[in-house]
Participant: 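So that we are looking at the same thing, I have put the structure below in structure tokens.
In this chain, numbering begins with 1 at the start of the sequence shown.
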Amino acid sequence: MSLELLLPAEGVAALLASWPTDPRVFERGSTELDRTVTPELLDHYIDTGCVPADEIALVKSGPSLHPDCHRTNGRTDPAKLRKLYGDGYTIRLGNLQRVVPFLADVAKGIQQETGYSNYLHAFLTPPRSQGLLHHWDQQMAVIAQIEGEKRWQLWRPEYPAPMREYQESFRVWDPEFIPKWESAGPDMEVDLRAGQSLVLPRGWVHNPHALDADERSLHLTFAIRERTPLWVAEKLVAAAIEDPEFRRVILPGELLNPANLAACTQETRQALVAYLMAVDVEQVAPALCQAATTELEYTT
């Protein structure tokens, strides 16, 4: 079971039974994840230049550097990466499930166990440094600390259940957010150590850093894209393409005239309601289950 590589049995049970809405730290101990994705492995991965250039981000208490800063002739340049790391930049290695077979299997296993597609990034932060600043994410994350320690300052969500582009932190950002959060202090603070995992529900504001640490921090973030009723609705509507009524042409005169388009929209809504009412949910459910456990696209 892949989730058991990230969480103890208690944590797996809590995740699958209730899908937590509050952060929680679990003692993971040493699992096959820790024994396989070692600091030495990731160091070697960086130093060989094998990391896909498009999957690297370099961050130091603010926005990412321009990609050309770590490339030579469009390819990953290990020497440039190491220099920037030495200057205090966090190295983010993105989508490791695409390039490390073991992690591809873990990601596939998580999807089989939850029905949710997922991806994972690695973050290497130098001692007494910080990469990303305050922000929130659109999906549940399980953070597995592999080496060192990182402090996570956490605040309750500003917006309920953000997803996809809806209420992404940078889209609805208010310059007063950080002063407000810092003035009030975090709702929760965690010093995450090697062998521990943090379950971080979507929407929770987090400010992770290693500013007080004398050794580097390495953690893996497993982002788990929850399915929602909107996902089911989209699947049902997408299947309407099989009905010729939904494939007919809407003429330019209808599209460009608000009154005509209003009438067309009303007719379409009525047709869609009738179509959905006729769907055999018992017949559709197995196909939805198959899609949940196999499709890799960003869907929530």
Participant: Is it the case that over 12 heavy atoms from other parts of the model lie below 6.0 angstrom from the NZ atom of Lys80?
Facilitator: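 More than 12 within 6.0 Å, yes.
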
Participant: Do Tyr119 and Arg225 have side chains that get closer than 4.5 Å, going by heavy atoms?
Facilitator: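 A side-chain contact exists here, since the closest heavy-atom pair is under 4.5 Å.
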
Participant: Between Gln139 and Asn118, do the side chains contain an N or O donor and an N or O acceptor separated by less than 3.5 Å?
Facilitator: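 Absent: no donor and acceptor within the cut-off.
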
Participant: Within a radius of less than 6.0 Å around CZ of Arg269, do more than 12 heavy atoms belonging to other residues, nucleotides or ligands occur?
Facilitator: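 Open.
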
Participant: If we ignore hydrogens and angles and just use 3.5 Å, is the side chain of Lys235 paired with the main-chain N or O of Ala291 as donor and acceptor?
Facilitator: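 No: the side chain of Lys235 does not pair with the backbone of Ala291.
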
Participant: Less than 3.5 Å apart, any donor N or O on the side chain of Trp19 or Glu226 sitting next to an acceptor on the other?
Facilitator: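 The answer is yes; a qualifying pair exists.
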
Participant: Checking Thr48 side chain against Tyr45 main chain: does a donor-acceptor pair fall under 3.5 Å?
Facilitator: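 Yes; judged by distance alone, with no hydrogens or angles, the pair exists.
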
Participant: Has Arg75 got more than 12 heavy atoms of other residues, nucleotides or ligands less than 6.0 Å from its CZ?
Facilitator: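 Result for CZ/Arg75: open.
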
Participant: Does some side-chain heavy atom of Val142 sit less than 4.5 Å from a side-chain heavy atom of Leu220?
Facilitator: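 Leu220 vs Val142: side chains apart.
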
Participant: Let me confirm one number: the CD-NZ distance from Gln130 to Lys150, rounded to the nearest 0.5 Å.
Facilitator: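 If I round to the nearest 0.5 Å, the distance is 8.0 Å.
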
Participant: Indicate if Phe123 and Leu84 have the same hydrophobic cluster label, given that clusters are the connected sets of ILVMFWY residues with side-chain heavy-atom separations under 4.5 angstrom.
Facilitator: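 Unlinked, Phe123 and Leu84 end up in two clusters.
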
Participant: With the 4.5 Å side-chain cut-off for hydrophobic clustering, are Phe102 and Leu218 part of the same group?
Facilitator: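 Same cluster: Phe102 reaches Leu218 through Ile, Leu, Val, Met, Phe, Trp or Tyr contacts under 4.5 Å.
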
Participant: For atom CZ of Phe246, is the number of surrounding heavy atoms from other residues, nucleotides or ligands below 6.0 Å larger than 12?
Facilitator: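 More than 12 within 6.0 Å, yes.
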
Participant: Determine whether Thr114 and Leu3 make a side-chain contact, defined as any pair of heavy atoms from C-beta on separated by less than 4.5 Å.
Facilitator: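 The answer is yes, as the side chains (C-beta and beyond) meet within the 4.5 Å cut-off.
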
Participant: Given the rule in the side-chain contact (heavy atoms from CB on, under 4.5 Å) test, do Ile146 and Arg28 qualify, once you have shown the distances and angles that lead to the verdict?
Facilitator: CA-CA 10 Å; Ile146 302 296; Arg28 182 182 72 256; 4.1 Å; yes

Participant: Could you check if a side-chain atom of Tyr275 sits within less than 4.5 angstrom of a side-chain atom of Leu236, using non-hydrogen atoms only?
Facilitator: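 Contact flag for Tyr275/Leu236 side chains = no.
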
Participant: Could you tell me if the side chain of Leu230 sits less than 4.5 Å from the side chain of Arg164, heavy atoms only?
Facilitator: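 SC-SC contact between Arg164 and Leu230 confirmed.
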
Participant: What class does the angle between the rings of Trp173 and Phe177 fall in, given that below 30° is parallel, 30 to 60° is tilted and above 60° is perpendicular?
Facilitator: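 Perpendicular, since the angle between the ring planes exceeds 60°.
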
Participant: Measure across Ser64 and Ala57 and return the closest heavy-atom pair with its distance rounded to 0.1 Å.
Facilitator: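 Taking Ser64 first and Ala57 second, the nearest heavy atoms are OG-CB, 4.0 Å.
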
Participant: What verdict does the side-chain contact (heavy atoms from CB on, under 4.5 Å) test give for Glu189 and Gln153, after you've listed the backbone C-alpha separation in whole Å, the side-chain angles of each residue and the deciding distance to 0.1 Å?
Facilitator: CA-CA 5 Å; Glu189 189 167 88; Gln153 295 178 314; 3.1 Å; yes

Participant: Is Leu65 reachable from Val51 through a run of hydrophobic residues whose side-chain heavy atoms are each under 4.5 Å from the next?
Facilitator: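 Same cluster.
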
Participant: Work out which heavy atom in Arg156 is nearest to a heavy atom in Val205; give both atom names and the distance.
Facilitator: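 Closest pair (atom of Arg156, atom of Val205, distance): O-CG2, 4.1 Å.
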
Participant: If you count heavy atoms of other groups shown closer than 6.0 angstrom to CD of Gln270, is the number above 12?
Facilitator: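 More than 12 within 6.0 Å, yes.
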
Participant: Do the side chains of Asp77 and Arg71 get close enough for a salt bridge, i.e. N-O under 4.0 angstrom?
Facilitator: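 Between Arg71 and Asp77 there is no salt bridge, as every charged N stays at least 4.0 Å from the carboxylate O atoms.
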
Participant: If you round to the nearest 0.5 Å, how far is NE2 of His44 from CG of Leu42?
Facilitator: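 Spacing of CG (Leu42) from NE2 (His44) equals 11.5 Å.
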
Participant: Extract all donor-acceptor atom pairs below 3.5 Å that involve side chains of residues 259-268 and protein atoms in other chains or at least two apart in sequence.
Facilitator:
residue: Asn260; atom: ND2; partner: Gly253; partner atom: O; Å: 3.3
residue: Thr265; atom: OG1; partner: Leu261; partner atom: O; Å: 2.7
residue: Thr268; atom: OG1; partner: Cys264; partner atom: O; Å: 2.9

Participant: Taking NZ, NE, NH1 and NH2 as the nitrogens, is one of them in Arg227 or Glu295 under 4.0 Å from a carboxylate oxygen of the other?
Facilitator: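 Salt bridge present between Arg227 and Glu295.
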
Participant: Compare every heavy atom of Asp214 with every heavy atom of Arg128, then report the nearest pair and how far apart it is.
Facilitator: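 Looks like NH2-OD1, 2.7 Å.
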
Participant: Answer yes or no: does atom CG of Leu256 have more than 12 heavy-atom neighbours from other residues, nucleotides or ligands under 6.0 Å?
Facilitator: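 Counting other residues, nucleotides and ligands, CG of Leu256 exceeds 12 neighbours.
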
Participant: To check you understand the geometry: which heavy-atom pair defines the closest contact between Glu32 and Leu5, and what is its length?
Facilitator: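 Distance-wise, the nearest heavy atoms are CB-CD2, 3.9 Å.
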
Participant: Do Leu132 and Leu200 belong together in a cluster built from hydrophobic side chains that touch within less than 4.5 Å?
Facilitator: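 Cluster IDs for Leu132 and Leu200 differ.
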
Participant: Should Asp174 and Lys180 count as an ion pair when the cut-off is N to O under 4.0 Å?
Facilitator: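 Salt bridge absent between Asp174 and Lys180.
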
Participant: Search all heavy atoms of Gln138 against all heavy atoms of Glu165 and return the closest pair with its distance.
Facilitator: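 Reported closest heavy-atom pair: NE2-C, 4.4 Å.
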
Participant: Looking only at atom types and distance, does a side-chain atom of Gln196 sit under 3.5 Å from a main-chain N or O of Val25, one as donor and one as acceptor?
Facilitator: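 No, because the side chain of Gln196 does not come within donor-acceptor range (under 3.5 Å) of the backbone of Val25.
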
Participant: To the nearest 0.5 Å, tell me how far Leu33 CG sits from Ser2 OG.
Facilitator: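 Output value for this atom pair is 10.0 Å.
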
Participant: In Å, rounded to the nearest 0.5 Å, how long is the span from OG1 of Thr293 to CD1 of Ile110?
Facilitator: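 Answer rounded to 0.5 Å: 14.0 Å.
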
Participant: Check Leu288 against Trp231 and note the closest heavy-atom contact, atom names and distance.
Facilitator: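 The pair with the smallest heavy-atom distance is O-CH2, 3.3 Å.
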
Participant: Would you check if the side chain of Glu149 reaches a backbone N or O of Arg193 as a donor-acceptor pair within less than 3.5 Å?
Facilitator: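 Not at all, since once roles are kept as given, no pair shorter than 3.5 Å links the two residues.
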
Participant: Donor-acceptor pair, distance only, cut-off 3.5 Å: does the side chain of Tyr159 make one with the backbone of Tyr166?
Facilitator: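 Pair absent, no side-chain N/O of Tyr159 close to backbone of Tyr166.
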
Participant: Without swapping roles, check the side chain of Ser129 against the backbone of Thr125 for a donor-acceptor pair under 3.5 Å.
Facilitator: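 Absent.
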
Participant: Less than 6.0 angstrom from the centroid, inside 45 degrees of the normal: does Arg82 satisfy that with respect to the ring of Tyr85?
Facilitator: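 Yes, a cation-pi geometry.
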
Participant: Is Ser197 reaching over with its side chain to a backbone N or O of Leu6, donor-acceptor style, under 3.5 angstrom?
Facilitator: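 Between the backbone of Leu6 and the side chain of Ser197 there is a qualifying donor-acceptor contact (under 3.5 Å).
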
Participant: Does any non-hydrogen side-chain atom of Thr31 lie less than 4.5 Å from one of Glu4?
Facilitator: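 Sidechains of Thr31 and Glu4: no contact.
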
Participant: Evaluate side-chain contact (heavy atoms from CB on, under 4.5 Å) for Gln97 paired with Asn95, printing each intermediate quantity in order.
Facilitator: CA-CA 5 Å; Gln97 81 286 351; Asn95 286 298; 3.0 Å; yes

Participant: Using the test side-chain hydrogen bond (donor to acceptor under 3.5 Å, both in side chains), find all partners of Arg92 that sit at least two apart in sequence or belong to another chain.
Facilitator: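 Scan of Arg92 (side-chain hydrogen bond (donor to acceptor under 3.5 Å, both in side chains), adjacent residues dropped) gives none.
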
Participant: When you compare the side chain of Thr221 with that of Asp137, does any pair of heavy atoms fall below 4.5 Å?
Facilitator: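 Side-chain contact under 4.5 Å: no.
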
Participant: So which of Leu154, Asp187, Ile143 actually passes side-chain contact (heavy atoms from CB on, under 4.5 Å) with Pro23?
Facilitator: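 It is Leu154, the one option of Leu154, Asp187, Ile143 that forms the side-chain contact (heavy atoms from CB on, under 4.5 Å) with Pro23.
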
Participant: For the side chain of Arg216 and the backbone of Gly148, is there at least one donor-acceptor N/O pair under 3.5 Å apart?
Facilitator: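 No, because the side chain of Arg216 does not come within donor-acceptor range (under 3.5 Å) of the backbone of Gly148.
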
Participant: Taking ring-ring contact (aromatic ring centres under 6.0 Å, His included) as the definition, give me every residue that meets it alongside Trp152, ordered by chain and number, with sequence neighbours left out.
Facilitator: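 Expected list: His206, His219.
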
Participant: When rounded to the nearest 0.5 angstrom, what distance separates CZ in Arg24 from CG in Leu15?
Facilitator: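 So the gap between those two atoms works out to 11.0 Å.
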
Participant: Is Leu120 reachable from Leu198 through a run of I, L, V, M, F, W or Y residues, each pair having side-chain heavy atoms under 4.5 Å apart?
Facilitator: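 The answer is no; the residues belong to distinct hydrophobic clusters.
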
Participant: Could you give the distance from CE (Met140) to OG1 (Thr21), rounded to the nearest 0.5 Å?
Facilitator: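 Nearest 0.5 Å value for the CE-OG1 distance: 8.5 Å.
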
Participant: Run the side-chain contact (heavy atoms from CB on, under 4.5 Å) check on Leu81 and Tyr89 step by step: do they pass?
Facilitator: CA-CA 9 Å; Leu81 275 182; Tyr89 281 87; over 6 Å; no

Participant: Does any non-hydrogen side-chain atom of Ile56 lie less than 4.5 Å from one of Ile46?
Facilitator: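 The answer is no, as the side chains (C-beta and beyond) never meet within the 4.5 Å cut-off.
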
